[in-house]
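Take a look at the structure below.
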Amino acid sequence: MKRRQVLLNPGPVLVSDRVRNALTRGDICHREEEFSRIQKKVRKMLVEAFAPGDTYTSVVFTGSGTAAMEAALSSVLAEGKTILVINNGVYGERMAHIASIYKFNKIELTYDWKVLPDIAEVEETLKTHPEVQVVALVHHETSTGLINPVKEMGEVSRRYGKVFLLDSISGLGGEELDLAGCNVDICIGSANKCIQGLPGLSFLLLRGQELERMKEIPPRSLYFHVPSQWESQEKGSTPFTPSVPIFYAFEAALEELLEEGVSQRIARYKRASKLLRQGFRELGFRFFLPEELLSNTITSLYLPNGMTYQVLHDRLKEKGFVIYAGQERLKHEVFRVANMGQIAPGELEDFLGCLGAIVAGTKCKL
Ligand SMILES: Cc1ncc(COP(=O)(O)O)c(C=O)c1O
């Protein structure tokens, strides 16, 4: 039997047959009760998985992760207020970019991609800039695999009475995250990373009171206005045409996540990254980040001496493994290996064997 292609990129990930097969469940009208039921169930499962209780509510968008990012950012800031964006990677940079497109007053604290934000500097900024209303942070910087200090950022945001907005698109389901315990007011997620759904849906988990505050802000977008989307979804409806089959797949993925258990899912990813990293060390690879900053699902490695990313990528792809390039400034230096998705440990071992053979210049036995 031909081996399947193993995706070691950070989304879209390999999904189970159950999730993939859900796509073919049949055509329904999104204005009918059948869709309304699925949407309600998906929204409920999101809260159950990531913020159990009644403090948080959810809202789902047809669109990739950036759609939910744009919805959150464009809806969160009151007129004349300022957003503080913490930028230590591509996705922090993207939040700052969205804030610029909306012509928000913005303060950006930029750090090296290997470095955690300086909480004392954040505090000093909040102290000296009372006009800041929102603090925006990326939980897991997918560009490098770095985990940011969510708890500390939440604490300082709360101390100064700020709204804390967290992009956990590649964190939810892969990393421990206590939204209430970390004072997160709005959390951004997407279907096709650690939740193991298919691409095309993203969502927000947000405090009910945050939604009430957002309702007072004049809309800046039709499609991405969070309160209008939420109100429509609460009524069992949807303002625009949703991606119905992707909802089917998302429903199946969330059922699977709840059956596996979020902590067990995280533990599975932890085991997978441990297996990979042990192999990388044995093969002599150099890690881009210090170990204490590493997430459970992405490892950034320096390219082997004398080998370009393209060569490494193509040789691995010939054998059925898809790795991922370093982003922007890292693209000639670093490559990334993600272990999100439905990947068996044996497939990771095969990948390590193949990688070792390529680096040693010998024949890969697969
Ligand atoms: C942390 C983070 N934020 C935002 C995005 C953007 O998501 P998308 O590419 O689905 O629009 C990604 C995608 O990888 C991400 O990892």
Side-chain angles (χ1 to χ4, degrees), residues 36-63 65 67-79 81 83-84 95 132-137 139 150-151 153-169 171-173 176-191 195 201-240 242 247 250-251 254 257-258 262:
S36 183
R37 263 204 309 270
I38 294 170
Q39 181 175 253
K40 188 171 173 198
K41 188 166 161 204
V42 160
R43 292 180 61 220
K44 187 164 167 276
M45 286 193 288
L46 282 170
V47 173
E48 196 181 332
F50 300 117
D54 50 17
T55 309
Y56 290 84
T57 179
S58 65
V59 54
V60 184
F61 295 88
T62 284
M69 273 173 112
E70 184 152 355
L73 285 159
S74 63
S75 303
V76 74
L77 197 68
E79 296 281 317
K81 295 288 185 183
I83 184 165
L84 171 62
M95 290 212 275
V132 171
Q133 184 181 37
V134 177
V135 176
L137 178 75
H139 178 192
V150 176
K151 190 156 182 55
M153 200 63 74
E155 265 164 23
V156 74
S157 301
R158 173 55 57 94
R159 218 173 318 128
Y160 287 83
K162 309 303 174 191
V163 175
F164 183 29
L165 175 94
L166 186 71
D167 169 353
S168 190
I169 282 177
L172 286 171
E176 302 290 349
L177 178 62
D178 172 0
L179 289 180
C182 292
N183 298 314
V184 177
D185 294 296
I186 305 166
C187 180
I188 308 166
S190 93
I195 301 178
L201 287 184
S202 51
F203 60 89
L204 302 179
L205 288 155
L206 67 167
R207 289 184 198 269
Q209 70 201 52
E210 191 43 39
L211 198 65
E212 291 307 311
R213 193 189 62 79
M214 277 183 182
K215 285 182 190 167
E216 305 302 315
I217 304 170
R220 299 183 175 99
S221 162
L222 177 67
Y223 198 92
F224 293 128
H225 186 232
V226 174
S228 336
Q229 284 271 2
W230 180 84
E231 271 168 19
S232 176
Q233 292 181 18
E234 278 293 288
K235 289 185 196 135
S237 183
T238 165
F240 312 108
F247 263 94
F250 199 28
E251 183 188 19
L254 285 163
L257 175 66
L258 290 169
V262 176

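Numbers here are sequence positions counted from 1.
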Val226 and Leu206: CA distance, side-chain angles, deciding distance, side chain to side chain contact (heavy atoms under 4.5 Å, CB included) verdict: CA-CA 10 Å; Val226 174; Leu206 67 167; 4.2 Å; yes
Distance in Å, Phe50 CZ paired with Leu205 CG, rounded so as to fall on 0.5 Å steps: 7.5 Å
Sole residue of Val184, Asp185, Ile186 in side chain to side chain contact (heavy atoms under 4.5 Å, CB included) with Leu166: Val184
Contact check, side chains of Arg37 and Lys40, non-hydrogen atoms, under 4.5 Å: no
Atom of Lys151, atom of Cys182 and distance for their closest heavy-atom approach: CA-SG, 3.9 Å
Side chain to side chain contact (heavy atoms under 4.5 Å, CB included) between Val42 and Leu201, intermediate numbers included: CA-CA 11 Å; Val42 160; Leu201 287 184; 5.8 Å; no
Atom pair CD (Gln133) and CG (Leu165), whose distance is rounded to the nearest 0.5 Å: 11.5 Å
N/O donor-acceptor pair under 3.5 Å between Ser202 side chain and Gly63 backbone: yes
Value rounded to 0.5 Å, distance of CZ in Arg213 from CZ in Arg207: 12.0 Å
Pairwise distance CE(Met45) to CG(Leu258) - rounded to 0.5 angstrom: 6.5 Å
Distance-minimising heavy-atom pair for Met69 and Ile169: CG-CD1, 4.2 Å
Donor-acceptor pair, side chain of Ser58 and main chain of Arg43, under 3.5 angstrom: yes
Heavy-atom check, side chain of Phe250 versus side chain of Ile38, under 4.5 Å: no
Ser190 to Ile195 - nearest heavy-atom pair and separation: O-CD1, 3.8 Å
Residue pair Tyr160 / Leu84, side-chain heavy-atom distance below 4.5 Å: no
4.5 Å side-chain heavy-atom contact, Glu79 and Arg220: yes
Backbone N/O of Tyr223 and side chain of Gln229: donor-acceptor pair under 3.5 Å: yes
Minimum heavy-atom distance between Asn183 and Gly154, given as atom pair plus value: ND2-O, 3.4 Å
Close side-chain approach of Val150 and Phe164, heavy atoms under 4.5 Å: yes
Over all atoms of both residues, closest heavy-atom pair of Pro227 and Leu211: CA-CD1, 4.4 Å
Side-chain (Ser75) to main-chain (Phe224) donor-acceptor, under 3.5 angstrom: yes
Tyr56 OH to Glu210 CD distance, which is reported to the nearest 0.5 Å: 10.0 Å
Distance, nearest 0.5 Å, that separates CE of Met214 from CG of Leu77: 10.0 Å
Minimum heavy-atom distance Gln39-Thr238, with the two atoms named: OE1-CB, 3.9 Å
Backbone N/O of Glu251 and side chain of Lys41: donor-acceptor pair under 3.5 Å: no
Donor-acceptor contact below 3.5 Å, side chain Ser74 vs main chain Ser221: no
Worked check of salt bridge (charged side-chain N to carboxylate O under 4.0 Å, His left out) between Glu155 and Arg158: CA-CA 5 Å; Glu155 265 164 23; Arg158 173 55 57 94; over 6 Å; no
